[in-house]
Amino acid sequence: TIALQHGAHGVGRRRDAAMEKWRAYGLGQFVHWGLYSIPAGEWNGKQYNGAAEWIKSWKEVPATTYDSLMYQFNPTKFNAESWAATAKQMGVKYVTITTKHHDGFCLWPSKYTNFTVANSPYKKDIIGPLVKAYDRRGIDVILYFSIMDWHNPDWRYDIKTREDSVAFDRFKQFTRNQLLELLTLYPAAKGLWFDGTWDKSWVKQAAFADSLEKEMRAMRPGLIIGSRFRADEYGKRHFDSNGNMMGDYEQGWERKIPEKITDVHGNDWDCVMTVPENQWGYSKIWKGHIKTTDELLEMLAKCVSLDGNFVLNFGPKPDGTLRTEELDLAKGIGAWMDTNSEAIYNGEYAGLVKQDWGYYVKKTGTNKIYMLVFNVPVSGALNVVLPSRTAISKVYDLGGPGLSYVPEEIGTSTYFIHLKQQTFKRPFVLVLETADNSKNSGAQYQKAK
Ligand SMILES: C[C@@H]1N[C@@H](C(=O)NCc2ccccc2)[C@H](O)[C@@H]1O
């Protein structure tokens, strides 16, 4: 191993209560809201092809003109309680909310810049009411913060000159001030989701970022910070020069999901996902494929089956309301969660051979295994292979009370579960209870029917 001054602070998973709770969330909500929600991917009647929250970087958009959008920010229909109620009904256990995106506009009245809600027609703090509304419903709040800040004149993409260095030192103090301000103003926040940390200027700040991370953790014991915050002194991000993960969970899964368990290296992680292909902020026109409820449920199942959390993004409208498509998805996911959420919450990798019919989730600390079924085989028989010396002791359908199954043993710890109906409209969950059958030598196979 390489001697590192600013590498990972620990090896392996955090075992404290705060992180155990984070690990158990399963389903989360992301909220991207800010000045970019006003143009919503369009400028002077022309569509911007990139992500709506990046429109300030579009050559057609003069930065100062973009910044004057602050004088139009007046979400008269904003109601934190209704956003939180929608999230509660959807079944999310945590929410990640943008406090400041790359454009530099702050949704809280920061005293370190004028580019905040305080100087908009709306005037009021947005973050405070959101933290309160979600927190009192038992939904933990994580604050998203972009290090990259296109509004602050001291921001640099790289540090080449003495002047760059002097300016960026001011920027680092500004960043530290804002982060300590957020932790002070919103003590209920359980974590920080950092973004905009890939440019050389920040990657070179291993020492500063390391001490800032330590300072924030000291200020808020249990604080959860992901792998995207800081690099080690060799510029290594997410995993340090010894291959140890930075931070408490891997933050590399942006709009993508790991395929197999070895892709996650035994770490905690979350996948953040957009409903359209690549729009986080509100975009007037959603181009390309819009994910359906069942697609999103399958992504959720896949993430939880591989030891991760699935975080679905919402991009509220400039008036503060949620768009219909997102409300409908929240309702559809919520309806499925009403019946099946026990297969999602406190779920972990079951360690079983992956089958085509769907995903296994093991209930942490139990021998209960859930089968989340998305693809019913034409045979109607779901194959289950358990570790040798393990048997199925019980199988029942989470959705159909009283619907239970007698598995057919077709080999050592190998079974078919014969479904009783052919067509299913929605993904469904079977619950497996297993037992150790090591005492049975040469188990008697059920005669094939
Ligand atoms: C959570 C999303 N991250 C912002 C972004 O700039 N992503 C670009 C990116 C894509 C993949 C790895 C790092 C950065 C997007 O604008 C969203 O805020």
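Order of appearance sets the numbers: ligands from 1, and atoms from 1 within every ligand.
With respect to atom 14 (C) of ligand 1, the closest heavy atom belonging to the protein is W198 CZ3, 3.3 Å. Nearest protein neighbour of atom 15 (C) of ligand 1, counting heavy atoms only, is E53 OE2, 3.4 Å. Nearest to atom 10 (C) of ligand 1 among the protein's heavy atoms is E254 OE2, 3.4 Å.
Ligand 1 has at least one atom lying under 4.0 Å from a heavy atom of D195.
Taking only non-hydrogen atoms, the option from R228, H32, H101, M273 nearest to atom 12 (C) of ligand 1 is R228.
Less than 6.0 angstrom separates the ring centroid of W33 from the ring centroid of W83. Aromatic rings of Y134 and Y94 (six-membered ring for Trp) have centroids beyond the 6.0 Å cut-off, not under it.
Ionic pairing of R230 and D210 is present here: one or more N-O contacts between side-chain nitrogen and carboxylate oxygen are shorter than 4.0 angstrom.
A tilted orientation is assigned to the rings of F30 and H32, their planes being inclined by 30° to 60°.
In this structure, K236 fails the cation-pi test against Y234, since its NZ or CZ atom is not both closer than 6.0 Å to the six-membered ring centre and inside 45 degrees of the ring normal. For the pair K172 and F208, the cation-pi criterion (under 6.0 Å, within 45° of the ring axis) is fulfilled.
Note: an N/O pair closer than 3.5 Å links H102 and ligand 1 by distance alone.
When each atom of ligand 1 is checked for a heavy atom of Y144 under 4.0 Å away, the hits are 18 (O).
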